[in-house]
Amino acid sequence: MSRLTDDLNDPQRAAVTHGTGPLLVLAGAGSGKTRVLTYRIAYLLANDKARDTEITAVTFTNKAALEMRERVENLLGQPLRGGFVGTFHRWSLEILRRDPEAAGLPRRFVIADTDEQRQMIKRELKKLGLDPKEHPPRALLGRISGLVNRGASQSSFANGSSDSQSELLATIWKGYEARKKAAGAVDFDDMLVLARDVLKSHAEIRSRIQDRARWLLVDEFQDTNALQMDLLELVLAGERNLTAVGDEDQSIYRWRGAEMDNILAFERHFPGSSVVKLEENYRSTAPILAASGALIAANQRRRGKTLFTSHEGGEDVRLYIGADERAEARWVADRFQELQRRHSLGEMAVLMRTNAQTRSFEEELTRRHMAHRVVGGLRFWQRAEVKDALAYLRLVIRADDTIAFERVVNVPTRGIGAATIDILRGHADHDGTTMVEAARRLPAELAPRARISLERFFQILDEARDKRAELDPGDLVGWLLEASGLLAMYDGDSEEKTARRENLQQLAAAVAEAAQRGQELEAFLDAIALLEEHDDDDAPEAITLMTLHAAKGLEFDVVELAGFEDGLLPHANSRDEPESLEEERRLAYVGMTRARRWLAMTVARSRFLFGTRVPTRPSRFLVDLPEDRYTDVSDTALPIPAAGLSEGGRTAGGLPRRPRPPARRAKKAAATVIDETGQGWRPGDRIRHGRFGTGVVLACQGTGPRLKLVVFFDRAGRKTLVPTIAKLERL
DNA sequence: GCTTGCGGTATTTTT
DNA sequence: TACCGCAAGC
């Protein structure tokens, strides 16, 4: 099969044709990572080194999996049967669905999504009499997830927790586990945990999976966490044919538990492994590579690669510093208008650190009637009306789905409020059954209205279950939407209601389409639980606005990296710790390397943040870029900060994670601040307040009697004060 | 049970 | 500033 290896360069070919044993492919940005992965699969199959049932290829996103499968099938000229190409979660889920009992799960367990997780934590807090404001469910779940992904379990954590803080977490966690169990639900992390446990404890299942993963390929290896590593090690047997492809310089999910050591210390994890570096870049021009390469070279934690290209020339990388975010957006829109002569709008992107930054660009592009789309907005499957409809569907399939029941028993409202739910929950707890069971029995103390409503509710579900036999799934959903009254909820012709009705119809269409593909309703529900994102990229001729995280894996002719400022990139919350600062640098690197032909970074000298205009300064990452790697095209030449100057300040994005006392530093930073107010207060001043203690002035709003100060107090956090009323002492 | 208004908060979010 | 979630009030 020479055709397969002909169009590869030497290192690529070495990776593709590698024999048995672990292989790490260090694939620089744009070096043909997916190509190596897909060619390797095709090569193994075409040369009878592997049977298709022995191929397992794991990715992080459904999109990547889909692309991989398609490209392999294109190479092979036929569909790939038997093998597995999918995400870690789907892989785990398949193991669990096949043998739920092995994992101690009910046969028809459900997947709890983020909302449902939060709901359960909230209930638990309420039960414990804790204030959700003091213990934000989001943060609690984050901590639990972090622990789980590092290999902990509720019980192991509870045993090891000594201080009251961790004991509290252990208690909440325990309740959370109990709730999931009662609901027959697993969360995203559980899928991996349980799959790992099953593989560990059930030799026959393990051996089956090991056979299926005789050739195991893992994409984006830099993003794997400890749990995923456990999983991989469990299924690697005999020849240990792991092909891991990744790039430590593009590791941007540390905060989600990604463990860079998996790639940095690959050889230690997998003795006897080979390593191939892909350093020839086929994506970007030389100037873009030179600039991004200089930036990432400043990182310590990396194995080190130097990307090169055989293509000469290319436009300079530009830096533009504008007065504010409007000037920034204007400049970008101007450039994109010019560039439109050579590049389509679909090949242009504005990338940024935070979602909030899209705003000024949306406004400017709308004003100019330039087509654009924001990636990462509300997701189809996350919309309330869609989730409601899905909950009905879930109840049809699995009558005792407590989560779904609670979600829609009163949607549309039918007089079943908190009081009714409490009664039902009381019965369920008392009898040791589910709420749905309790509701079915229609306890006597229910209000008459609630009884009637519940009866009707169950009638609808029962009828739907009967209809399952006669209607095809799409029609079943249609019927359910009518019968439940979900559709009627959005009667009317306001834009919002119409949109919601359309979403519901779209859902019915999606179900019908899945059925046509031969997918069972159960499988369909699983699929969308795993696929939070709705992949409809059907507006290609538009400028893309998105976060740097969302941009990973994509490429565009024209890329603009917006908000190249200290506080934003690196983000204020991630610049103190060296490890996270390096991750911020990688984030910038990912952004820059998305560009094929044209790249610019822009800075707004002031930004509207938290209700105030805050001065900013260019990113400290500029210091990593030698001046000949970019061209400053700002209207007025503004000085670029020296290394370290931007440390610890309160600049854009602005609140220091831990306010630091030294007045010396505050003074120094204040000198760079433009605004100064009549009252003699200015950003950077250290002050003392009777109640809040000491703090630092972040910004001044208004003048004269309307003057307000935004102060960040060391202990009390951010407050807005009127200096003439609040007694402030200047330090 | 639904609406309104207040207070608190303000990264990134593959599944 | 802008949004979200919750508590009070209709």
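Here is how names work: the chains are called A, B, and so on, in the same order as the sequence lines, proteins then strands, and each is numbered from 1.
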Could you state the atom-to-atom distance from [atom1] of [X] to [atom2] of [N] in whole Å?
X        : N      : atom1 : atom2 : result
A/Phe60  : B/dT12 : CZ    : C1'   : 16 Å
A/Arg256 : B/dT13 : CZ    : P     : 10 Å
A/Lys63  : B/dT13 : NZ    : P     : 14 Å
A/Ile421 : B/dG1  : CD1   : P     : 9 Å

Inset, instruction - Please confirm whether any donor atom in the side chain of A/Arg254 sits under 3.5 Å from an acceptor in the base of B/dT12, or the reverse. - result: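 Between B/dT12 and A/Arg254, which were checked side chain against base, a qualifying N/O pair under 3.5 Å is absent.
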Legend entry - Distance-only donor-acceptor test, A/Arg138 side-chain atoms vs B/dT13 base atoms, 3.5 Å: yes
Inset, instruction - Using a heavy-atom cut-off of under 4.0 Å over every strand shown, decide if A/Gln357 touches base, sugar-phosphate, or nothing. - result: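 No contact.
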Nucleotide nearest [X] when distance is taken to its side chain, options [options]:
X        : options                : answer
A/Arg449 : B/dT12, B/dA10, B/dG1  : B/dG1
A/Asn355 : B/dC2, B/dT13, B/dT14  : B/dT13
A/Thr413 : B/dT12, B/dT15, B/dG1  : B/dG1
A/Trp255 : B/dT15, B/dT13, B/dT14 : B/dT13
A/Phe608 : B/dG1, B/dT15, C/dT1   : C/dT1

Legend entry - Contacts of A/Glu363 that satisfy salt bridge (Lys or Arg N to Asp or Glu O under 4.0 Å) - sequence neighbours left out: A/Arg359
Legend entry - Phosphate OP1/OP2 of B/dT14 contacted by A/Thr59 side-chain N/O (<4.0 Å): no
Inset, instruction - Sticking with atom P, work out how far B/dT12 lies from C/dG5, rounded to a whole angstrom. - result: 15 Å
Legend entry - Interatomic distance at P, B/dT13 relative to C/dC4, whole Å: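 Result for the P pair: 16 Å, nearest Å.
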Inset, instruction - Pick out which of A/Glu584, A/Glu577, A/Glu582 makes a salt bridge (Lys or Arg N to Asp or Glu O under 4.0 Å) with A/Arg254. - result: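 The option that passes is A/Glu577.
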Inset, instruction - Go through the structure and list residues passing side chain to side chain contact (heavy atoms under 4.5 Å, CB included) with A/Glu248, not counting sequence neighbours. - result: A/Leu26, A/Met260, A/Ile263, A/Leu264, A/Arg302, A/Arg303, A/Lys305
Inset, instruction - Step through the shown structure and confirm whether more than 12 heavy atoms of other residues, nucleotides or ligands are within 6.0 Å of CZ on A/Arg98. - result: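 Atom CZ in A/Arg98 is not crowded, with 12 or fewer foreign heavy atoms closer than 6.0 Å.
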